[in-house]
Protein chains: 2
Amino acid sequence: MNATTFSALAEPNRLDIIELLRDGPMPVGEIADRLELHQPQASKHLRVLSDAGLVEVQPVANKRIYKLCPQPFLEMDEWLDSFRRAWEERFDRLDDYLRELQGMEKKPDNGGK
Amino acid sequence: MNATTFSALAEPNRLDIIELLRDGPMPVGEIADRLELHQPQASKHLRVLSDAGLVEVQPVANKRIYKLCPQPFLEMDEWLDSFRRAWEERFDRLDDYLRELQGMEKKPDNGGK
DNA sequence: TTCGAATATTCCTGTAAAGGAATATCCGCA
DNA sequence: TGCGGATATTCCTTTACAGGAATATTCGAA
């Protein structure tokens, strides 16, 4: 999992853009309008999102339509999966760690008693 | 979905910490050792992660054991869900947008036919 | 080719955040 | 109560990044 993806989503306006694009592809102007951003800032944020591979652009006439790219989302999903799995087994296993500590020290195996 | 979560994960070292904690709770010293961080930086990153609600601390003797908090991950999962759903219906529907454009123009309502 | 709409880029400034080094704090124990 | 290990905090400096304003670029149409 790449920190770049999170970095791109860390900025509130960019997160808003992503969530807006969830409803479908959209040209820059409309994005700026809906989110009440100045056009240059919208373009700049879209640039960052694009560099991070989160969105993709497709020119139509004199507009540039931006849309989401699925892959980073899929990667995030797989990443979350690894945590889900860890959860099931050793979730809150603080005691596991404590047990490790005990083992580390001189304490000899007391035969389970 | 909160940008704070992404912000916390946007820093490579913090992302490493999170992935390290996936294997179980761990005291600061061990985290610092394994990731080759200086202890103060480790503490500082853990502070950020803690403020973001991604980790939780539990004191044991003179150590402080950090562990993951499930909730932000669950929230991220739900968030991803909203995209998965959007995918299924209107994924790449660029043509939807183009159709909208057409509709916007003089094209009269055709009676829902 | 010229014009205008739509969009991208540049320059500037303020600010938030990260690492390094030093230091403070906390806690169990002798 | 004082000590030492473990951890947190502070101060400082450097750098990355966001917004504002102005400007450059692109593309289609006349």
Side-chain angles (χ1 to χ4, degrees), chain A residues 2-18 20-21 25-52 54-67 94 97-98 100-102 104-107, chain B residues 3-18 20-21 25-52 54-67 94 97-98 100-102 104-106:
Chain A
N2 199 339
T4 307
T5 302
F6 291 128
S7 180
L9 296 169
E11 212 285 326
N13 290 312
R14 284 198 292 264
L15 186 53
D16 287 342
I17 291 178
I18 291 295
L20 182 58
L21 289 180
M26 208 171 291
V28 179
E30 189 174 343
I31 295 174
D33 282 352
R34 293 219 206 177
L35 300 181
E36 296 185 317
L37 296 175
H38 295 152
Q39 176 268 318
Q41 334 297 346
S43 279
K44 281 188 274 190
H45 284 309
L46 285 164
R47 181 78 146 90
V48 176
L49 291 171
S50 175
D51 286 347
L54 281 162
V55 305
E56 190 180 6
V57 67
Q58 176 156 353
V60 171
N62 63 344
K63 302 197 175 186
R64 305 190 51 142
I65 316 292
Y66 282 86
K67 65 174 189 177
L94 181 62
Y97 174 75
L98 295 179
E100 273 179 42
L101 270 189
Q102 298 296 330
M104 285 293 180
E105 290 166 16
K106 53 187 173 244
K107 185 158 179 196
Chain B
T4 308
T5 302
F6 291 129
S7 178
L9 295 170
E11 211 284 326
N13 290 310
R14 284 199 292 266
L15 186 53
D16 286 343
I17 291 178
I18 291 296
L20 182 58
L21 289 180
M26 208 172 291
V28 179
E30 189 173 345
I31 295 174
D33 282 352
R34 292 220 207 177
L35 300 181
E36 296 185 319
L37 296 175
H38 294 152
Q39 176 267 319
Q41 333 296 346
S43 279
K44 281 188 274 190
H45 284 310
L46 286 164
R47 181 76 145 91
V48 175
L49 291 171
S50 175
D51 287 347
L54 281 163
V55 304
E56 191 179 6
V57 65
Q58 177 156 351
V60 171
N62 61 344
K63 301 198 173 184
R64 305 192 50 143
I65 317 291
Y66 281 87
K67 65 174 188 178
L94 182 62
Y97 174 75
L98 295 180
E100 273 179 42
L101 270 191
Q102 298 296 331
M104 283 295 180
E105 290 167 16
K106 54 192 171 235

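Letters A, B, ... mirror the listed sequences (proteins, then strands); counts begin at 1.
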Provide, to the nearest angstrom, the distance between the [atom1] atom belonging to [X] and the [atom2] atom belonging to [N].
| X | N | atom1 | atom2 | value |
| --- | --- | --- | --- | --- |
| A:Tyr66 | C:dA6 | OH | P | 15 Å |
| B:Asp33 | D:dT7 | CG | P | 9 Å |
| A:Asn62 | C:dC3 | CG | P | 17 Å |
| B:Ile31 | D:dA8 | CD1 | C1' | 14 Å |
| B:Arg47 | D:dT7 | CZ | P | 16 Å |
| B:Gln58 | D:dA6 | CD | P | 19 Å |

**Asked** Within the side chain of A:Arg14, is there an N or O that forms a donor-acceptor pair under 3.5 Å with the backbone of A:Ala8?
**Response** yes
**Prompt:** According to a strict under-4.0 Å criterion, is A:His45 in side-chain N/O contact with OP1 or OP2 of D:dC17?
**Reply:** no
**Message:** At less than 4.0 Å, is any side-chain N or O atom of A:Arg64 found next to OP1 or OP2 of C:dA6? Yes or no.
**Reply:** no
Could you grab the distance from atom [atom1] of [X] to atom [atom2] of [Y], nearest 0.5 Å is fine?
| X | Y | atom1 | atom2 | value |
| --- | --- | --- | --- | --- |
| A:Leu15 | B:Thr4 | CG | OG1 | 10.0 Å |
| A:Met26 | A:Ile17 | CE | CD1 | 10.5 Å |
| A:Arg64 | A:Leu46 | CZ | CG | 9.5 Å |

**Prompt:** Where along residues 3-16 of chain A does a heavy atom come under 4.0 Å from DNA chain D, residue by residue in number order?
**Reply:** A:Glu11, A:Asn13, A:Arg14
**Asked** Looking at residues 35-44 of chain A, who's got a heavy atom less than 4.0 Å off DNA chain D?
**Response** A:His38, A:Pro40, A:Gln41, A:Lys44
**Request:** When you get a sec, tell me which of D:dA6, D:dA8, D:dG19 is the closest nucleotide to the side chain of B:Lys63?
**Result:** D:dA6
**Item:** Closest nucleotide among C:dT7, D:dT7, D:dG5 to the B:Val28 side chain
**Value:** D:dT7
Any [X] side-chain heavy atom under 4.5 Å of [Y] side chain:
| X | Y | value |
| --- | --- | --- |
| B:Thr5 | A:Leu9 | no |
| A:Gln41 | A:Asn13 | no |
| B:Leu54 | B:Val48 | no |

**Item:** A:Gln39 vs A:Ser43, side-chain contact (heavy atoms from CB on, under 4.5 Å): CA-CA, chis, key distance, verdict
**Value:** CA-CA 6 Å; A:Gln39 176 268 318; A:Ser43 279; 3.1 Å; yes
**Request:** Please step through side-chain contact (heavy atoms from CB on, under 4.5 Å) for the pair B:Leu21 and B:Leu49, ending with a clear verdict.
**Result:** CA-CA 12 Å; B:Leu21 289 180; B:Leu49 291 171; 5.9 Å; no
